Amino acid sequence: MTFNTILIVGGGLIGSSIARAAKAYDQAKTLYITDNSHSACSAIERLGIADGVSEGQADYFASQADLVVLCVPPGRMGSVAEKIIPNMKSGAVLSDVGSIKGAVIEAVTPFLRDDITFIPAHPIAGTEYSGPEAGSADMFKDRWCVLTPTKKGLPETKQLKDFWQGFGSQVSIMTPKRHDIVLATTSHVPHLIAYTLVGTAVDMEKVTANEVVKYSAGGFRDFTRIAASDPVMWRDVFLSNREATLEVVDRFIEDLTALKRAIRWEDGETLLEHFAKTRDIRRRIVDAGQDSAEPNFGRHD
Ligand SMILES: NC(=O)C1=CN([C@@H]2O[C@H](COP(=O)(O)OP(=O)(O)OC[C@H]3O[C@@H](n4cnc5c(N)ncnc54)[C@H](O)[C@@H]3O)[C@@H](O)[C@H]2O)C=CC1
Ligand SMILES: O=C(O)C(=O)Cc1ccc(O)cc1
């Protein structure tokens with residue numbers, strides 16, 4: 001057991017999965033959840049995944065916790081940190097699970113105390129669903145979790161690494177900046193493309209929404225799953241990872257334009273060369289065991 005008492009702030013998809021995993025993998029003696037939504041708190045109580053649930057204020061839970069994990073939408077991290085940190089006990093560890101790291105660190109840092117250690121984290125695992133019912137104890141098994149500590153060699157980093165490894169995750173350490181550009185490429189821009197493509201298909205003249213549903217081929221279906229992801233969370237992701245997202249979008253537009261030109265000029269060789277390269281990436285992912293039919297990604301073995 002890495003931490004005795006844990007407080008999860010925001011018991012939705014990821015928070016409730018940490019709660020379930022902490023119990024299933026024996027990673028916490030006592031686990032509390034606080035959430036500002038009445039329906040989320042009722043669901044958490046009904047599911048019986050926490051030793052205590054609090055709607056709104058959680059001063060007592062915060063004062064008891066050795067680890068507090070912020071699992072709220074990215075845009076809420078700062079205001080939640082401001083409320084929770086003053087009540088935390090001296091020597092406790094604070095972490096988060098936000099899909100971007102630079103903006104979360106910027107939002108939380110003004111409220112940090114010298115006797116609290118903040119280790120930002122991002123489990124690269126999830127689904128297009130939200131809320132406590134959607135979580136699972138095995139959400140993080142065989143997935144990556146990236147930690148972006150702002151100081152090197154902290155014992156708390158090792159402790160948090162042990163915690164995530166205890167769920168069956170593989171842990172890597174990165175700078176926040178590197179995390180944000182890597183994830184813009186592998187997660188944020190792919191989501192943006194899915195949102196765009198599904199919107200385009202639905203808006204297309206002569207192609208009614210019904211026909212889109214009726215004739216959706218495998219490729220389009222995969223995009224609709226991603227484009228069903230939580231609107232609030234993804235708005236926050238794009239607005240808080242603007243720089244990296246825009247950089248990757250620019251590259252994408254250039255590459256799309258090159259393929260468009262190849263089609264226009266009937267340049268089959270360019271198309272073949274490109275598709276062979278992308279097929280090779282797919283093979284490497286499959287060979288590394290990182291493919292999964294499940295709605296989750298980041299599997300590492
Ligand atoms: N959805 C996914 O697949 C993944 C999400 N993440 C990150 O995890 C975090 C949470 O995302 P999900 O669990 O998917 O969202 P969710 O919507 O399922 O859960 C968020 C929970 O936070 C609660 N909440 C919102 N504001 C609050 C506040 N001020 N105080 C207390 N509770 C509050 C909501 O009521 C909700 O229950 C986000 O920062 C996201 O970037 C990370 C990896 C994967
Ligand atoms: O459902 C999917 O395919 C995902 O991409 C899940 C996901 C969403 C956000 C993250 O920060 C990490 C993983």
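Just so you know, ligand 1 is whichever comes first in the structure, and atom 1 is the first atom listed for that ligand. Keep in mind it's a predicted model, so treat the numbers as computed, not measured.
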N or O pair under 3.5 Å between Ser99 and ligand 1
yes
Salt bridge or not for Asp255 and Arg251, using N-O below 4.0 Å?
no
Side chain to side chain contact (heavy atoms under 4.5 Å, CB included) assessment of Trp144 paired with Ser172
CA-CA 7 Å; Trp144 283 96; Ser172 61; 3.9 Å; yes
Return yes or no for this condition: an N or O of Met233 is under 3.5 Å from an N or O of ligand 1.
no
Please confirm whether Thr127 approaches ligand 1 to less than 4.0 Å, judged on its heavy atoms.
yes
Check contact between Ala125 and ligand 1, using heavy atoms of the residue and a distance below 4.0 angstrom.
yes
Identify whether the distance between the nearest side-chain nitrogen and carboxylate oxygen of Lys23 and Asp51 falls below 4.0 Å.
yes
For ligand 1, is Met77 a contact, meaning one of its heavy atoms is under 4.0 Å away?
yes
I need the atoms of ligand 1 closer than 4.0 Å to a non-hydrogen atom of Ser130, numbered in the order shown.
17 (O), 18 (O)
Assess whether a salt bridge exists between Arg20 and Asp138, defined as any Lys/Arg side-chain N lying under 4.0 Å from an Asp/Glu carboxylate O.
no
Could you check whether any heavy atom of Trp144 sits closer than 4.0 Å to an atom of ligand 2, since that is the contact criterion I want to use?
no
State plainly whether the residues Arg46 and Glu133 are in salt-bridge range, i.e. N to O under 4.0 Å.
yes
